[in-house]
Amino acid sequence: MFTIGDFARHGRVSVRMLRHYDAIGLLRPAHVDPHSGYRFYEADQLARLNRVIALKDLGFTLGEVGAILDEQIDADGLREMLRLRHAELEAALVEARARLAQVGARLRAIESEGRMSTQDVVVKKVPAVRVAELSAVAASFGPHDIGPVIGPLYDELCGRLEAAGVTGSGPGIAYYEDAGRGDGSVVVHACVTVPEGTAVEGVEVHVLPGIDEAATVVHRGSMDTVLPTAQTLARWIEANGYRSRHYARELYLECPEDRAQWVTELQEAIVRA
């Protein structure tokens, strides 16, 4: 027989772990001295200990390990558990690869720019919202063409909502789509989130679909200066193995009188390239 210390060395586990296995009934010692309380193990118990370690390394809990070793789970049940564990590990691997790509992209950005960017990109799900909107066409997606169109749209929209006694239930949202003219023009949609049941004459009220996966970044300052932030977002999307699906949405989080103090989140729908 082996003392608990010798058995731990042969099994390459700690004495503390063997005591824990004993306490939960996973691996009882072959003999316990009734006077000293010393634990002793037999050589053939190393096989069970090795199976415990192997199953733990596969990610099974100690409770699952005990059930497998005591044949409380048949071959079909074990096969299903292994398939589930395989799927969990595959998902973890995909997530780890995505994080690795993000770390690599951040390192490349620091090396190319000589400093760490203060604009962090976050991938998240954007929920659907009910909005009231007015729309018009701008000559291009550039800030110099968007600004003169979207400002009057919001003035008109807010005026109509106020006249109808409607108060917005959340921040403003702007989204864009190709006008289909072949000249780079875009349709500008100026929106305000509104409660369910809102109806205003001359204003379209609908549910703006959510985005399953959006790369987002926060822009601070006037939207006339948004281009560097938009370019940061575009570089991140490419560097991290994604491609853009649509024009970026704009979520206006804070819009004080001083436009230099505006806080806007850009939300761009993405898919894996």
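More than 12 heavy atoms of other residues, nucleotides or ligands lie within 6.0 Å of NE2 in His31, so this atom counts as buried by the packing criterion. Summarising the local packing, CD of Glu162 is surrounded by 12 or fewer heavy atoms from other residues, nucleotides or ligands at distances under 6.0 Å. Heavy-atom neighbours of Arg245 CZ from other residues, nucleotides or ligands within 6.0 Å: at or below the threshold of 12. Counting non-hydrogen atoms of other residues, nucleotides and ligands closer than 6.0 Å to CD of Gln231 gives a total above 12. Within 6.0 Å of the CD atom in Glu88, the count of heavy atoms belonging to other residues, nucleotides or ligands exceeds 12.
Proximity of a side-chain donor or acceptor of Asp183 to a complementary backbone N or O of Ser185 within less than 3.5 Å is detected. Of the possible donor and acceptor atoms, none in the side chain of Ser222 sits under 3.5 Å from a partner among the backbone N and O of Arg259. Under the 3.5 Å distance criterion, the side-chain polar atoms of Gln45 are matched with a main-chain donor or acceptor of Arg28. Here the side chain of Arg85 pairs a donor or acceptor atom with the backbone of Leu58 at under 3.5 angstrom. Proximity of a side-chain donor or acceptor of Trp262 to a complementary backbone N or O of Pro256 within less than 3.5 Å is detected.
With contacts defined as side-chain heavy-atom distances shorter than 4.5 Å, the pair Tyr41/Leu46 does not qualify. Side-chain atoms of Val149 and Val137, non-hydrogen and from C-beta on, never get closer than 4.5 Å to each other.
For the atom pair OG1 (Thr3) and CE (Met1), the distance works out to 12.0 Å, reported to the nearest 0.5 Å. Expressed to the nearest 0.5 Å, how far CG of Asp22 lies from CD1 of Ile4 amounts to 7.5 Å. Atom OG1 of residue Thr216 and atom CD1 of residue Ile270 lie 9.0 Å apart, to the nearest 0.5 angstrom. The distance from atom CG of Asp155 to atom CG of Leu134, rounded to the nearest 0.5 Å, is 11.0 Å. In this structure, CG on Leu55 lies 5.5 Å from CG on Leu69, to the nearest 0.5 angstrom. Here the OH-CG distance, from Tyr247 to Leu266, works out to 15.0 Å after rounding to the nearest 0.5 Å.
When all heavy atoms of Glu268 and Ser244 are compared, the pair lying nearest together is OE2-OG, 2.6 Å. Considering all non-hydrogen atoms of both residues, Pro195 and Arg130 come closest at O-CD, 3.5 Å. Shortest non-hydrogen contact noted between Ala190 and Leu157 is O-CD2, 3.4 Å. Between Ala215 and Trp236 the shortest heavy-atom distance is CB-CZ3, 4.0 Å. Taking every heavy atom of both residues into account, Leu251 and Pro171 meet most closely at CD1-CG, 3.6 Å. Across Pro143 and Pro148, no two heavy atoms sit closer than the pair O-CD, 4.3 Å.
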Identify every side-chain donor-acceptor pair in residues 11-19 under 3.5 Å, counting partners at least two apart or on other chains, and give the distances.
unit_1, atom_1, unit_2, atom_2, d
Ser14, OG, Met17, N, 3.0

(message) One pair to check against side-chain contact (heavy atoms from CB on, under 4.5 Å): Val186 and Ile146. What are the steps and the verdict?
(response) CA-CA 9 Å; Val186 297; Ile146 296 293; 3.9 Å; yes
(request) Just do the side-chain contact (heavy atoms from CB on, under 4.5 Å) check on Val271 and Glu213 with the steps written out, would you? (result) CA-CA 7 Å; Val271 292; Glu213 196 170 24; over 6 Å; no
(message) Please determine whether side-chain contact (heavy atoms from CB on, under 4.5 Å) holds for the pair Leu82 and Phe60, giving the CA-CA distance in whole Å, both sets of side-chain angles, and the decisive distance to 0.1 Å.
(response) CA-CA 9 Å; Leu82 287 169; Phe60 290 116; 3.6 Å; yes
(message) Go through it in stages, so that I can follow the logic: the residues are Ile68 and Arg51, the test is side-chain contact (heavy atoms from CB on, under 4.5 Å), and I'd like the CA-CA distance, side-chain angles, deciding distance and then a yes or no.
(response) CA-CA 10 Å; Ile68 293 170; Arg51 291 196 70 195; 4.3 Å; yes
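When hydrophobic clusters are built by joining Ile, Leu, Val, Met, Phe, Trp and Tyr residues whose side-chain heavy atoms come closer than 4.5 Å, directly or via intermediates, Ile24 is not grouped with Val32. Note: the hydrophobic cluster containing Val131 does not contain Val126 (ILVMFWY, side chain heavy atoms under 4.5 Å, direct or indirect links). Cluster membership for Leu78 and Val52, using ILVMFWY side-chain heavy atoms within less than 4.5 angstrom, is shared. Placement of Val65 and Ile53 within a single hydrophobic cluster is found when ILVMFWY residues are connected by side-chain heavy-atom separations under 4.5 Å, directly or transitively. Put simply, Tyr252 and Val226 are part of the same group of oily side chains (I, L, V, M, F, W, Y) that touch within less than 4.5 Å, one to the next.
No side-chain donor from either of Glu250 and Thr264 sits under 3.5 Å from a side-chain acceptor of the other. With 3.5 Å as the limit, one finds a donor-acceptor pair spanning the side chains of Glu133 and His206.
A tilted orientation is assigned to the rings of Phe2 and Phe7, their planes being inclined by 30° to 60°.
Within the cation-pi definition used here (under 6.0 Å to the ring centroid, within 45° of the axis), Arg249 does not qualify as a partner of Tyr176.
Salt bridge Glu265/Lys124: present, at least one basic N to carboxylate O contact under 4.0 Å.
By the ring-ring contact (aromatic ring centres under 6.0 Å, His included) test, Tyr175 pairs with His189, sequence neighbours left out.
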